[in-house]
Student: 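I am attaching a structure below and will ask some questions about it afterwards.
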Amino acid sequence: MTLQELKAKCADCTKCPLCEGRTNVVFGTGKEDADIMLIGEGPGENEDIQGKPFVGRSGQLLDKFLAAVGLSREKNVYIANMVKCRPPKNRDPKPEEQDICIDWLREQFKIIRPKIIVCVGRISAQRLISPDFRVTKEHGEFIEKNGVLMMGTYHPAAILRNPNNKEAAFRDWLALRDKIGEMGIEL
C-alpha cells in the first residue's frame, strides 16, 4: 500500500467521534520516504481547515527549528499526528481516541520506515516512548525502540506559551542534527 492509498482510506474514517467535527482529515505531509518522522498530538483549528499538520503559529516555529538544522517538511522529514481529526477546542486527544487512531500511524510507519522519530510534545512522547515520559526532564534524549531511534521534545505551542523553554528546545534540534550526522543519514 502507498501513502496515498492509506490517506484515501483514512479520509473516510468514522471510527471515533472526532470525525463528527472535522473539516479535513489531517493525515500527514512531507517526504514520503523520509528518514526523520515527526509526530505531534493532533490537529488544531488551522490544521483542520488546511488538512496539513503544524500550519499555524506553532507550525511556523517548528519550521524555523527545522530550517536551523537543515531539515524541512518539503525535502527530508515527514510530519504526522497521533490523531488525524481535530479534538474539540484543541483539547488533548483522549487515550481512547489515540487507541482508535494509532493503526493509521502504524501503517504510516510501515510505509515510510523512518530511522528517527521525534515526538513533538507530551502526548506523542508518552504514547510512543514511555507512559511516564516527562518532556521537561527527558527532552532531547534518544532511546531505541524496535530498531528506531526516538526522541521527545517540547511542542512548539508550549514554547509559544512559555518562551523560557525555547533555548532548551533548540538544543534538542541541535542534538537531532548531530545524531543524523552520527548515523550517516544523508539529507
Side-chain angles (χ1 to χ4, degrees), residues 1-56 58-59 62-63 66 71-131 133 135 143-153 155-158 176:
M1 180 178 310
T2 68
L3 268 181
Q4 291 309 312
E5 291 167 337
L6 184 64
K7 183 178 181 178
K9 286 184 177 185
C10 186
D12 294 330
C13 182
T14 57
K15 294 179 184 177
C16 85
L18 290 181
C19 72
E20 296 165 11
R22 76 175 175 230
T23 303
N24 288 294
V25 167
V26 181
F27 182 74
T29 189
K31 187 171 186 256
E32 296 191 359
D33 62 349
D35 288 325
I36 315 301
M37 188 169 181
L38 280 55
I39 310 295
E41 52 191 44
E45 181 178 17
N46 291 316
E47 291 78 10
D48 182 49
I49 291 167
Q50 295 185 41
K52 296 179 183 173
F54 288 98
V55 293
S58 65
L62 178 65
D63 287 342
L66 290 171
L71 299 172
S72 80
R73 60 177 89 209
E74 291 82 20
K75 295 180 184 173
N76 47 26
V77 301
Y78 191 87
I79 305 173
N81 281 308
M82 293 301 303
V83 297
K84 309 302 184 196
C85 299
R86 178 185 179 206
K89 299 180 183 174
N90 291 353
R91 67 161 166 74
D92 291 344
K94 295 177 182 175
E96 58 269 22
E97 293 162 346
Q98 294 176 52
D99 290 345
I100 291 168
C101 213
I102 194 83
D103 288 336
W104 297 116
L105 189 58
R106 285 185 180 127
E107 290 302 314
Q108 285 175 298
F109 288 156
K110 287 179 190 173
I111 295 166
I112 297 166
R113 301 174 57 87
K115 294 177 180 165
I116 299 175
I117 293 173
V118 178
C119 295
V120 182
R122 172 182 54 85
I123 299 292
S124 60
Q126 287 181 342
R127 180 63 190 241
L128 300 175
I129 296 174
S130 170
F133 187 91
V135 173
I143 64 132
E144 191 239 323
K145 286 183 89 171
N146 302 320
V148 177
L149 280 181
M150 300 182 122
M151 175 189 80
T153 189
H155 195 288
L176 173 63

Student: Please round to the nearest 0.5 Å and tell me the distance separating atom CD1 of Ile49 and atom OG1 of Thr23.
Tutor: 6.5 Å
Student: Under a 4.5 Å cut-off applied to non-hydrogen side-chain atoms, are His155 and Ser58 in contact?
Tutor: yes
Student: Taking the side chain as C-beta and beyond, is there a heavy-atom pair between Gln98 and Ile123 under 4.5 Å?
Tutor: yes
Student: Please round to the nearest 0.5 Å and tell me the distance separating atom CD of Gln108 and atom CZ of Arg106.
Tutor: 12.5 Å
Student: Apply side-chain hydrogen bond (donor to acceptor under 3.5 Å, both in side chains) to Glu97 and list each qualifying residue two or more places apart in sequence or on a separate chain.
Tutor: Arg91
Student: If you compare all heavy atoms of Lys52 against all heavy atoms of Val26, which two are closest, and at what distance to 0.1 Å?
Tutor: C-CG1, 3.4 Å
Student: Which one of Cys13, Pro43, Cys10 satisfies the side chain to side chain contact (heavy atoms under 4.5 Å, CB included) criterion with Lys84?
Tutor: Cys10
Student: Looking at Phe54 and Arg73, what are the two nearest heavy atoms and their distance?
Tutor: O-NH2, 2.7 Å
Student: Rounded to the nearest 0.5 Å, how far apart are CG of Leu105 and CG of Leu6?
Tutor: 10.0 Å
Student: In this structure, are over 12 heavy atoms from other groups packed under 6.0 Å from Lys9 atom NZ?
Tutor: no
Student: For residues Pro88 and Leu18, report the shortest heavy-atom separation together with the two atoms involved.
Tutor: CD-CD2, 3.7 Å
Student: Would you say that Cys85 contacts Asn24 through its side chain, given a criterion of any heavy-atom pair below 4.5 Å between the two side chains?
Tutor: no
Student: Out of the candidates Lys94, Arg127, Lys15, only one should pair with Asp99 under the side chain to side chain donor-acceptor pair (under 3.5 Å) rule; please name it.
Tutor: Arg127
Student: Got a sec: does the NZ of Lys31 have more than 12 other heavy atoms crowding it under 6.0 Å?
Tutor: yes
Student: If you measure from CD1 on Ile102 to CZ on Phe109, what distance do you get to the nearest 0.5 Å?
Tutor: 6.5 Å
Student: Between Asn90 and Gly44, what is the shortest heavy-atom contact and its length?
Tutor: OD1-CA, 3.3 Å
Student: Is any side-chain heavy atom of Leu128 less than 4.5 Å from a side-chain heavy atom of Met82?
Tutor: yes
Student: Mind checking whether Val55 and Thr29 have side chains closer than 4.5 Å, heavy atoms only?
Tutor: no
Student: How long is the gap from CD1 on Ile79 to CD1 on Ile36, to the nearest 0.5 Å?
Tutor: 12.0 Å
Student: For Glu107, check side-chain hydrogen bond (donor to acceptor under 3.5 Å, both in side chains) against everything at least two apart and list the hits.
Tutor: Lys110
Student: What's the separation between atom NZ in Lys7 and atom OG1 in Thr2, rounded to the nearest 0.5 Å?
Tutor: 11.0 Å
Student: Who pairs with Gln50 by side-chain hydrogen bond (donor to acceptor under 3.5 Å, both in side chains), at least two apart in sequence or on another chain?
Tutor: none
Student: So, Asp48 and Arg22, do they make that salt bridge, N to O below 4.0 Å?
Tutor: no
Student: Tell me, do Glu41 and Asp92 make a side-chain contact under 4.5 Å, heavy atoms counted?
Tutor: yes
Student: Closest heavy-atom contact between Ala80 and Met37?
Tutor: CB-CE, 4.1 Å
Student: Examine distances only and state if a side-chain atom of Ser124 and a backbone atom of Ile39 form a donor-acceptor pair shorter than 3.5 Å.
Tutor: yes
Student: Which pair of heavy atoms, one from Cys101 and one from Val83, lies closest together, and at what distance?
Tutor: SG-CA, 3.6 Å
Student: Answer whether the closest heavy-atom distance between the side chains of Leu66 and Leu38 falls below 4.5 Å.
Tutor: yes
